[in-house]
Amino acid sequence: MTIPGTDILVEGHAIVSDDGMIADATGGMPPELRNDADWRLFQAALDRAALVVLGRIGHMRHPNPGRRRLVLTHSVADLQPDPVDAKSSYWNPAGLDITEVMARLGITEGTVAITGGTGTFDLFLPWYDRFVLSEVRGLNMPDGTPCFTKGHPRFVLPGAGLEARDMEMIDRGVVQTQWVRVPRKAAPP
């Protein structure tokens with residue numbers, strides 16, 4: 001399912017613990033959740049993207065290495081440029097529809113990479129064409145920050161019309177799965 005009026009591929013990216021958490025109870029990413037193989041694949045995907053979408057906290061924690069960014073925040077009315085980073089814009093989803101945002105940014109094709117946090121992952125759930133999910137096996141983070149508010153990505157993504165494909169071990173204890181949107185079958189006449 002693409003964003004109406006575009007040829008954009010919407011692609012989510014997350015690394016989670018066995019229990020589906022993207023951060024610990026403090027909101028931080030513990031060293032056990034970091035993985036060099038995943039990081040290299042993730043950065044390469046972001047380098048190819050026409051736009052990277054993330055939450056305000058992620059934008060503040062991770063300086064922009066020169067990519068076009070769309071930062072979700074409730075601190076603006078609709079869409080406005082970041083006064084500090086010329087490649088970034090702030091967007092309030094309550095103030096402007098995603099199709100209008102893409103039109104204003106001039107993005108009609110390519111990949112839009114969604115990198116979190118939870119609210120950002122949740123917002124784009126209806127539009128994912130693909131979701132790249134890395135899981136750190138054997139790591140649990142009770143009371144952590146979930147990838148999706150509705151539960152573990154392995155259960156949320158199928159409910160949104162995606163199915164698991166191309167599962168591979170990218171590093172010791174880290175499994176990456178490509179979830180892709182399943183085309184809907186036409187109803188019989």
Side-chain angles (χ1 to χ4, degrees), residues 1-16 22-23 27-29 31 33-134 145 147-148 153 157 162 166 170-171 174 176-181:
M1 172 182 275
T2 58
I3 296 172
T6 71
D7 286 324
I8 293 171
L9 175 83
V10 178
E11 181 176 89
H13 293 269
I15 186 168
V16 301
I22 56 173
M29 189 173 191
L33 194 57
R34 299 172 194 266
N35 177 272
D36 289 339
D38 174 73
W39 185 254
R40 284 189 301 275
L41 294 168
F42 176 59
Q43 292 302 310
L46 299 187
D47 286 342
R48 291 187 302 269
L51 181 69
V52 175
V53 181
L54 69 166
R56 181 187 49 81
I57 293 171
H59 180 61
M60 291 170 30
R61 284 187 182 167
H62 306 287
N64 189 359
R67 299 178 182 119
R68 288 191 73 186
R69 277 186 171 179
L70 182 62
V71 182
L72 273 70
T73 180
H74 295 289
S75 67
V76 299
D78 50 27
L79 182 70
Q80 81 176 42
D82 179 336
V84 178
D85 180 355
K87 291 207 169 244
S88 297
S89 298
Y90 291 112
W91 172 45
N92 182 344
L96 195 62
D97 182 78
I98 187 67
T99 55
E100 181 63 25
V101 170
M102 293 299 133
R104 284 197 196 176
L105 294 176
I107 297 174
T108 59
E109 61 184 20
T111 299
V112 172
I114 314 304
T115 65
T118 305
T120 306
F121 286 135
D122 283 348
L123 179 69
F124 280 86
L125 194 56
W127 295 303
Y128 291 122
D129 297 294
R130 180 171 44 216
F131 199 99
V132 181
L133 179 67
S134 295
T145 303
C147 184
F148 293 103
L157 293 170
L162 287 90
D166 301 324
I170 60 168
D171 201 4
V174 181
Q176 188 174 82
T177 306
Q178 305 284 327
W179 290 82
V180 296
R181 181 155 303 279

If you measure from [atom1] on [X] to [atom2] on [Y], what distance do you get to the nearest 0.5 Å?
| X | Y | atom1 | atom2 | result |
| --- | --- | --- | --- | --- |
| Asp129 | Phe124 | CG | CZ | 11.5 Å |
| Thr177 | Leu162 | OG1 | CG | 12.0 Å |
| Asn35 | Ser134 | CG | OG | 7.5 Å |
| Leu96 | Leu79 | CG | CG | 6.0 Å |
| Ile22 | Met29 | CD1 | CE | 8.5 Å |
| Leu41 | Gln43 | CG | CD | 10.5 Å |

Atom of [X], atom of [Y] and distance for their closest heavy-atom approach:
| X | Y | value |
| --- | --- | --- |
| Thr73 | Val76 | CG2-CG2, 4.0 Å |
| Ile15 | Leu33 | CD1-O, 3.1 Å |
| Ala45 | Glu11 | CB-OE1, 4.2 Å |

Tell me which donor-acceptor pairs under 3.5 Å the side chains of residues 102-120 have, and how far apart each pair is, sequence neighbours excluded?
from   : atom 1 : to     : atom 2 : distance (Å)
Arg104 : NE     : Glu100 : OE2    : 3.3
Thr115 : OG1    : Val53  : O      : 3.3
Thr118 : OG1    : Pro146 : O      : 2.3

Exercise. Could you walk me through whether Asn92 and Asp78 pass side chain to side chain contact (heavy atoms under 4.5 Å, CB included), step by step?
Key: CA-CA 5 Å; Asn92 182 344; Asp78 50 27; 5.6 Å; no
For the backbone of [Y] and the side chain of [X], can you confirm whether one donor and one acceptor N or O come within less than 3.5 Å of each other?
| X | Y | result |
| --- | --- | --- |
| Asp171 | Val174 | no |
| Arg130 | Leu9 | no |
| Tyr128 | Phe121 | yes |

Practice problem: List the steps and the verdict of side chain to side chain contact (heavy atoms under 4.5 Å, CB included) for Gln178 and Val132. | Solution: CA-CA 5 Å; Gln178 305 284 327; Val132 181; 3.4 Å; yes
Quiz item: Would you call the rings of Phe131 and Phe148 parallel, tilted or perpendicular, where under 30° means parallel and over 60° means perpendicular?
Solution: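 Correct class here is tilted.
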All N/O donor-acceptor pairs, side-chain side in residues 54-62, below 3.5 Å, sequence neighbours left out:
from  : atom 1 : to    : atom 2 : distance (Å)
His59 : ND1    : Arg69 : NH1    : 2.9
His59 : NE2    : Asp82 : OD2    : 2.9
Arg61 : NH1    : Gly27 : O      : 2.8

Quiz prompt | Those residues that, when tested against Phe42, pass ring pair (Phe, Tyr, Trp, His ring centres under 6.0 Å) (two or more places apart) | solution =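 Ring pair (Phe, Tyr, Trp, His ring centres under 6.0 Å) check on Phe42 returns His13, Trp39.
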